[in-house]
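Every chain is numbered from 1, with letters handed out A, B, ... down the list of sequences. No experiment lies behind these values; they were computed from the predicted model shown.
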Amino acid sequence: MAVEAASTFAPDADRLGSPTVLLPKKSLLRQLIRDRTALVGLIILVVMFGLALAAPLVAPFDPNDADVVNRYAPPSAEHWLGTDNLGRDEFSRLLFGARISLFAALAVGIAILAIGIVVGMISGFAGGLVDGILMRIVDVLLAFPSLLLALTITGMLGPGLFHLLVGMAVVWWTDYARLMRGLVLTVKERPFIESAKALGLPRRLIARRHILPNIVSPVIVLGTLQTGRLLLALSALSFLGLGVQPPTAEWGAMLSEGRNYLASAPQLMLYPGLAITIAALGFNLLGDGLRDILDPTLR
Amino acid sequence: MTVGVSLLEINDLKTVFPSDIGPLRAVDGASFSVAAGERVGIVGESGSGKSVTALSIMGLIRTPPASVSGKVVFKGVDLLKVGSKQRQRVRGGQIGMIFQNPLNCLNPVMTIGHQIVETILAHEEIPKAEARDRAISLLQRVGIPDPSRSVDEYPHKFSGGMRQRVMIAMALSCQPDLLIADEPTTALDVTIQAQIVDLLMSICEEENTAVVFITHDLAILAGFAERVLVMYSGRIVEEGPVDTIYYGATHPYTWGLMTSITRLDESRQDRLSTISGNPPSAVFQPSGCPFHPRCRYAEEICPREIPALVVHKEDDHPSACHFAGALVPPARLRQVQQ
């Protein structure tokens, strides 16, 4: 009977080969749609990332094409948001700027997530001296105002987008490491971990398959909120001239350029500022929504 | 010890944890053996060292800070001397363990099938599909209804009793020679307890798996164990075949345990009998026999000398009491013994 039942089920066995289902995916999406906050955030982000990706197709002009006779043009059918101090199409620059701003924020977000998860897990798992050393490093980094520290590191490396990203990653992984360590410590003491040890599972497998999936939800929430914050920080640092160098379009850099014409053409600061605000809002709304959805089910 | 060669020999096992007020001797020189296919019960109060004994055998005590000494010889190999890799292979592969609280012992975010398959693959190199087939037949074996569907369910869909069955299936997944059950029925209600005990019994008989059943419930052991070890203050104080312990115990502590069982067939006018006092602290142990401060038969020698677990002249089984065999059991127990 057992063998029979098993063999009729055998074709389905390949299902076990698929990666572990961390979350009930279908219901997560459905819950996201039902949660109005999260849905608004999701729509904002999807539209913005979509436009950023499709910028070369959507943008009516080359973002760096200067039309010097047609400077400070008001919005028109041709230039939807008008032109800037060099006669470049503001809308096209916003679209191409989104590519850098959004994806750079995302790249830093992923990098610090990876660093933070690894450090946090090692720290929580190993304990003792290793934990002590890693957490003191975190303490040192947290003791400085993060934006200032990122500014200093980037300044030492020299201006440029890549250096800026490195500087940001060095500073901001600490939140994840702290969070992960705390979560690992709580999950580590739960009985099923001891049970897994008693079944002779190797430590690394226990960490990957039993601990990580149980703590992924708070990390997703933090990750979403954090990326919004990173976008703001990235823009701030670019505004200070450390990131993208002119003439490349980037929201923070556009803000910075627009600053010189604040009195005569305030819209040049308004548009990138609005774009940054809306994108950050999108991340925050999605993060809040995710927290509402994920937290009560897991805790 | 009539059955076969011993599978597990514990010799002078001592597990000591450091604490702020001094070393805490959770297990203090326990010695016993388990034969292949044998069902052994370990009883004792909370804090008598039962669970720590089990964890020490499994190698689940973190050393340091704790220290585990003595000998844990399993199939001729001293587990306290081998490396952690080999230890890990034994754990789950040759010695399975089930815990007290089945509700928390399964990973909530993994299907039970995944968890069983993972255990099998950690110990054997077989294709995943084969491991899955085995998981299904294991679930069938432990009495999970509709195993080919249940294998893909998450633990929250199962009741406590069903989860304990799943735990047993996981512990059995690599055909261990020894199964250590640490209070496997304590968190379950009485009818489910009986089912789990029956299940363990049939597994023991069919697969010839030796079972060490740890509990504080003497009634459960009566129907299950062949041999009973009574543990007190980190030591074995009396051991013998189940009938001997129930009807011919000679250690005053065992008497205390026996008389504190409530019985339906007794008049209700008597007060429920208890063992006065508390179990001794594992840090500040009394001198001599650890039971003497609570023992009503204690004499001058008791605080001076630790009684050895030996068969006394007047006795028929090992009992760690200076006067084993010479004392008269309490009246209430004598009725049962006749």
Which atoms of Leu201(A) approach chain B - backbone, side chain, both or neither, heavy atom under 4.5 Å: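 When you check distances to chain B, atoms from both the backbone and side chain of Leu201(A) fall under 4.5 Å.
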
Pick whichever of [options] has the most heavy-atom pairs under 4.5 Å with chain A.
| options | answer |
| --- | --- |
| Glu118(B), Arg141(B), Met97(B) | Glu118(B) |
| Cys105(B), Gly92(B), Pro176(B), Ala122(B) | Cys105(B) |
| Gly96(B), Ser84(B), Pro108(B) | Pro108(B) |

Toward chain A, the part of [X] with a non-hydrogen atom under 4.5 Å:
| X | result |
| --- | --- |
| Met58(B) | side chain |
| Gln100(B) | neither |
| Leu55(B) | side chain |
| Asn101(B) | neither |

message: Taking Arg178(A) first and then Asp139(A), would you say they form a salt bridge - that is, a charged N and a carboxylate O separated by under 4.0 Å?
response: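 Judged by the 4.0 Å cut-off on N to carboxylate O distance, Arg178(A) and Asp139(A) do form a salt bridge.
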
query: Does the distance from a Lys or Arg side-chain N to an Asp or Glu carboxylate O, for Asp182(B) and Lys50(B), drop under 4.0 Å?
result: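 Looking at Lys50(B) together with Asp182(B), the answer is no, because their closest N to O distance does not fall below 4.0 Å.
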
- request: Calculate, to the nearest 0.5 Å, the distance between atoms CE and OG belonging to Met167(B) and Ser195(A) respectively.
  value: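 These two atoms lie 3.0 Å from each other.
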
Going by atom types only, do [X] and [Y] share a side-chain donor-acceptor pair under 3.5 Å?
| X | Y | answer |
| --- | --- | --- |
| His123(B) | Gln94(B) | no |
| Gln226(A) | Arg229(A) | yes |
| Thr15(B) | Ser56(B) | yes |

